[in-house]
Protein chains: 2
Amino acid sequence: MKQKSITIYDIAREANVSSATVSRVIAGNYPVSEKTKKKVFDLIEKYDYQPNAVARSLTKKESKMIGVILPDITNPFFAQVFIEAEKYALTKGYTLILCNSMNSSELESKHLRVLSERQVEGIIFMGGRINKTHPKVSEINELKYVIEKIPVILVNGRMETLECPSISTNEAKGIELIIDHLVKQGHTMIGLIGGMTGITTTDIKVEAFRQNLEKHQLAAVDSWQIYSGYDVKRGKEAMEEMLKINKHNLPTAIIGINDLVVIGALKLCHQKKMNNFSFVGFDDSELTQNSIPEITSVSHPYKELGEKTVDMLIKSKTTDMKAENLFIDPHLVIRESTI
Amino acid sequence: MKQKSITIYDIAREANVSSATVSRVIAGNYPVSEKTKKKVFDLIEKYDYQPNAVARSLTKKESKMIGVILPDITNPFFAQVFIEAEKYALTKGYTLILCNSMNSSELESKHLRVLSERQVEGIIFMGGRINKTHPKVSEINELKYVIEKIPVILVNGRMETLECPSISTNEAKGIELIIDHLVKQGHTMIGLIGGMTGITTTDIKVEAFRQNLEKHQLAAVDSWQIYSGYDVKRGKEAMEEMLKINKHNLPTAIIGINDLVVIGALKLCHQKKMNNFSFVGFDDSELTQNSIPEITSVSHPYKELGEKTVDMLIKSKTTDMKAENLFIDPHLVIRESTI
DNA sequence: TCATGTGATGTAACCGGTTTCTATACAATG
DNA sequence: CATTGTATAGAAACCGGTTACATCACATGA
């Protein structure tokens with residue numbers, strides 16, 4: 001329904017040169033006389049000629065596209081990494097294709113397939129549910145199969161069952177920052193709520209939690225660590241349980257596995273009119289600044305995560321990618337909830 | 001660095017047929033003998049042959065890609081529409097390319113160009129800063145130029161300077177729902193904060209605000225309507241001003257131009273220990289459920305916005321698109337902040 | 001029996017670029 | 001002057017599909 005666009009041949013014809021010459025003028029990687037160059041550039045401008053990226057992809061066998069598969073772009077963590085990756089990719093001539101898997105392995109597979117058919121040069125895989133307790137082996141196989149053909153990088157996710165390069169926030173370091181801060185504030189009784197055992201990122205945090213309590217010679221009270229999940233509702237539930245089972249022996253500071261959990265806990269405390277806890281979240285999402293009180297939280301190295309991932313993918317075109325696991329340190333943003 | 005994939009010719013050779021036949025088997029739009037079909041399908045399965053979408057795009061002159069340009073995927077409104085659009089597009093064989101413009105017209109132009117070169121079949125343009133007070137005419141021209149070549153649809157944005165089809169939430173209706181609800185709750189003194197005059201979506205809401213007050217024969221007190229902006233900070237500022245200039249004549253219910261503004265206003269009221277206002281937001285973002293109190297808000301017809309937009313774009317391939325402006329009614333989600 | 005229609009398949013052109021190979025003109029070198 | 005090198009440019013193949021057109025075998029109907 002729209003007019004057909006002009007091609008390299010149209011330019012060539014009007015300039016009385018061959019398409020090869022026009023191609024060379026554009027690429028600028030081959031000697032072309034100044035006169036011809038000018039003639040071609042003038043025509044390109046005159047018609048606002050835009051090279052057809054699809055045709056170029058086909059001949060050059062490089063699509064200049066990178067796929068991004070994540071559970072849900074609504075999650076501020078994924079959104080932030082994506083934005084940084086996109087910004088960076090653009091400067092490198094790459095385009096990102098975002099795929100929301102909505103935590104469905106079926107969708108994940110479908111997206112994997114589409115991306116592969118579209119000849120993406122690499123796939124960024126975030127927060128997939130692949131971990132040692134993952135129920136569906138089929139999915140891992142699917143991914144494994146793709147990895148053999150397309151470079152895949154995991155962001156903040158590890159796969160015990162599969163060799164795959166990854167880039168992650170050093171979450172253990174994040175927990176260390178939190179506990180150091182809380183101790184400096186005078187806290188000696190610290191709890192941890194949310195998350196699920198078996199999920200890599202939770203396991204790492206819990207492990208770091210215990211180690212750092214020990215480092216400061218603080219008691220690791222078992223009932224002060226409550227698994228529940230990752231959303232606001234779970235946070236509320238966890239806090240409810242915390243209050244119930246520790247009625248007479250409560251921690252003074254509580255770390256949430258992520259910001260949402262803290263929001264939930266805060267809500268419960270507000271309802272119960274208990275405003276005597278310090279809270280720390282994880283992810284430093286916008287929520288932390290919009291809640292009352294504003295929440296101290298660990299901020300991921302978003303920019304590095306995004307850029308390094310894209311870089312590794314681009315590099316993997318020429319260098320064989322080692323299945324290395326890169327960790328980047330986060331930092332702590334201190335707000336009202338811990339002062 | 002990865003192995004080359006197999007092509008339709010590989011399949012054809014091993015099946016002792018021509019590539020045309022394989023193509024026909026896959027397309028299934030042409031009679032092929034059962035025997036040949038089976039032979040080909042078996043080989044496709046054996047090698048897990050995946051057609052090269054780039055090559056297909058080139059010959060068929062249809063990329064099956066749609067571009068999406070929006071200011072910032074972090075904004076829950078855009079994210080939600082995107083998710084719905086993507087979900088739907090996938091079922092139709094289309095892939096979306098998300099572009100964050102970060103409110104920079106430079107980036108907008110760059111993305112427009114990239115998308116055009118990639119031969120996208122259409123562009124979904126959300127929340128662009130194009131309106132009657134828009135300072136940069138160059139940008140409009142850029143967009144205008146693209147529109148001549150690629151179908152563009154605006155989502156929740158209108159352009160006075162440019163004929164372009166659009167799909168929008170009926171925001172006036174949203175305001176009507178709010179005011180009807182507040183009146184039913186007994187409110188007779190209603191304020192409106194946030195937004196900016198000159199921005200289409202604000203103008204529409206303000207206009208509807210006044211009309212609906214009139215409908216209920218309520219006073220439209222000038223100082224109860226305060227422009228400020230769109231984020232939490234602006235909301236706080238607006239509320240501060242509201243309290244200052246209306247010290248002895250305050251509204252009892254306050255409508256925010258969006259949810260963020262309400263969050264800001266709530267924060268201020270919390271600081272000032274003034275918990276006697278009813279608040280209503282707009283967008284029904286997750287924030288509304290996570291704040292204290294939970295906020296009554298107008299929910300956009302996300303699913304319809306996403307699906308209808310994709311549908312229109314697909315249809316525009318065969319039918320010439322009228323520059324029509326479609327409106328879809330939102331609904332009101334009632335929460336603690338107005339009871 | 002011959003003309004015609006139909007099903008199944010192959011051939012080759014095409015999509016819009018890039019790139020290898022080749023050719024030409026001209027300058028520099030011996 | 002013959003030889004070699006270099007700058008410039010074209011011809012043609014190629015990327016991996018799709019499809020218009022051609023072909024052929026066989027069935028049908030006059």
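Throughout, a chain's letter reflects where its sequence line sits, starting with A, and its residues are numbered from 1.
- Going from atom CG of A:Asn52 over to atom C1' of C:dG17 covers 7 Å, rounded to whole Å.
- One interatomic measurement links the two molecules: CD1 of A:Ile26 to P of C:dT19, which rounds to 12 Å at whole-angstrom precision.
- Remark: B:Ser18 is in phosphate contact with C:dG10, judged by side-chain N or O atoms under 4.0 Å from OP1 or OP2.
- At the phosphate of C:dT9, neither OP1 nor OP2 sits under 4.0 Å from any side-chain N or O atom of B:Arg24.
- In this structure the side chain of A:Val310 never reaches within 4.5 angstrom of the side chain of A:Tyr94, judged on heavy atoms.
- Protein atom OH of A:Tyr9 is 18 Å distant from nucleotide atom P of D:dA9, rounded to whole Å.
- Summarising the geometry, the separation between CG on A:Asn29 and P on D:dA7 is reported as 15 Å, rounded to the nearest angstrom.
- For the OP1/OP2 pair of D:dA9 and a distance below 4.0 Å, the side-chain nitrogens and oxygens of A:Ser33 include at least one atom meeting the criterion.
- Between B:Thr21 and the phosphate of C:dA8, there is no side-chain N or O to OP1/OP2 separation shorter than 4.0 Å.
- For the pair B:Lys35 NZ and C:dA8 C1', the computed distance is 12 Å after rounding to whole Å.
- To the nearest 0.5 Å, the span separating CD1 on A:Ile150 from OG on A:Ser116 amounts to 4.0 Å.
- Between A:Ile6 and B:Glu34, it is B:Glu34 whose nearest contact on DNA chain C lies nearer the 5' terminus.
- Nearest nucleotide to the B:Pro31 side chain, out of C:dT18, C:dG7, C:dG10: C:dG7.
- OP1 or OP2 of D:dC15 has not a single side-chain nitrogen or oxygen of A:Ser57 nearer than 4.0 Å.
- Here B:Asp10 lies out of heavy-atom contact (under 4.0 Å) with every strand.
- Comparing atom distances between the A:Ser23 side chain and each of D:dG16, C:dT18, C:dG17 picks out C:dT18 as nearest.
- With a 4.5 Å cut-off on side-chain heavy atoms, A:Thr74 and B:Gln80 count as touching.
- More than 12 heavy atoms of other residues, nucleotides or ligands lie within 6.0 Å of CD in A:Glu324, so this atom counts as buried by the packing criterion.
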Could you go through the side chain to side chain donor-acceptor pair (under 3.5 Å) check for A:Tyr88 and A:Asp311 one step at a time? CA-CA 9 Å; A:Tyr88 186 69; A:Asp311 251 347; 2.9 Å; yes
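- The side chain of A:Ile8 lies closest to C:dG17, out of D:dG17, C:dT11, C:dG17.
- Between B:Tyr30 and C:dG10 there is no side-chain polar atom (N or O) within less than 4.0 angstrom of OP1 or OP2.
- Using a 4.5 Å heavy-atom cutoff, the side chains of B:Arg113 and B:Glu117 are in contact.
- Side-chain nitrogen and oxygen atoms of B:Ser19 include none within less than 4.0 Å of the OP1 or OP2 phosphate oxygen of D:dG17.
- Atom pair A:Glu62:CD and C:dT19:C1' shows a separation of 13 Å (rounding to whole Å applied).
- When heavy atoms are screened at a 4.0 angstrom cut-off, A:Val17 is found touching the sugar-phosphate backbone but no base atom.
- Note on B:Lys61: a side-chain N or O is less than 4.0 Å away from OP1 or OP2 of C:dG16.
- Closest to the B:Thr59 side chain, of the nucleotides D:dG16, D:dA9, C:dG17, is D:dG16.
- The nearest whole Å value for the distance from the CZ atom in A:Arg118 to the C1' atom in D:dG17 is 14 Å.
- Closest contact between the side chain of B:Lys60 and the listed nucleotides D:dG16, C:dT19, D:dT18 involves D:dT18.
- The nearest whole Å value for the distance from the CG atom in B:Leu58 to the C1' atom in D:dT18 is 10 Å.
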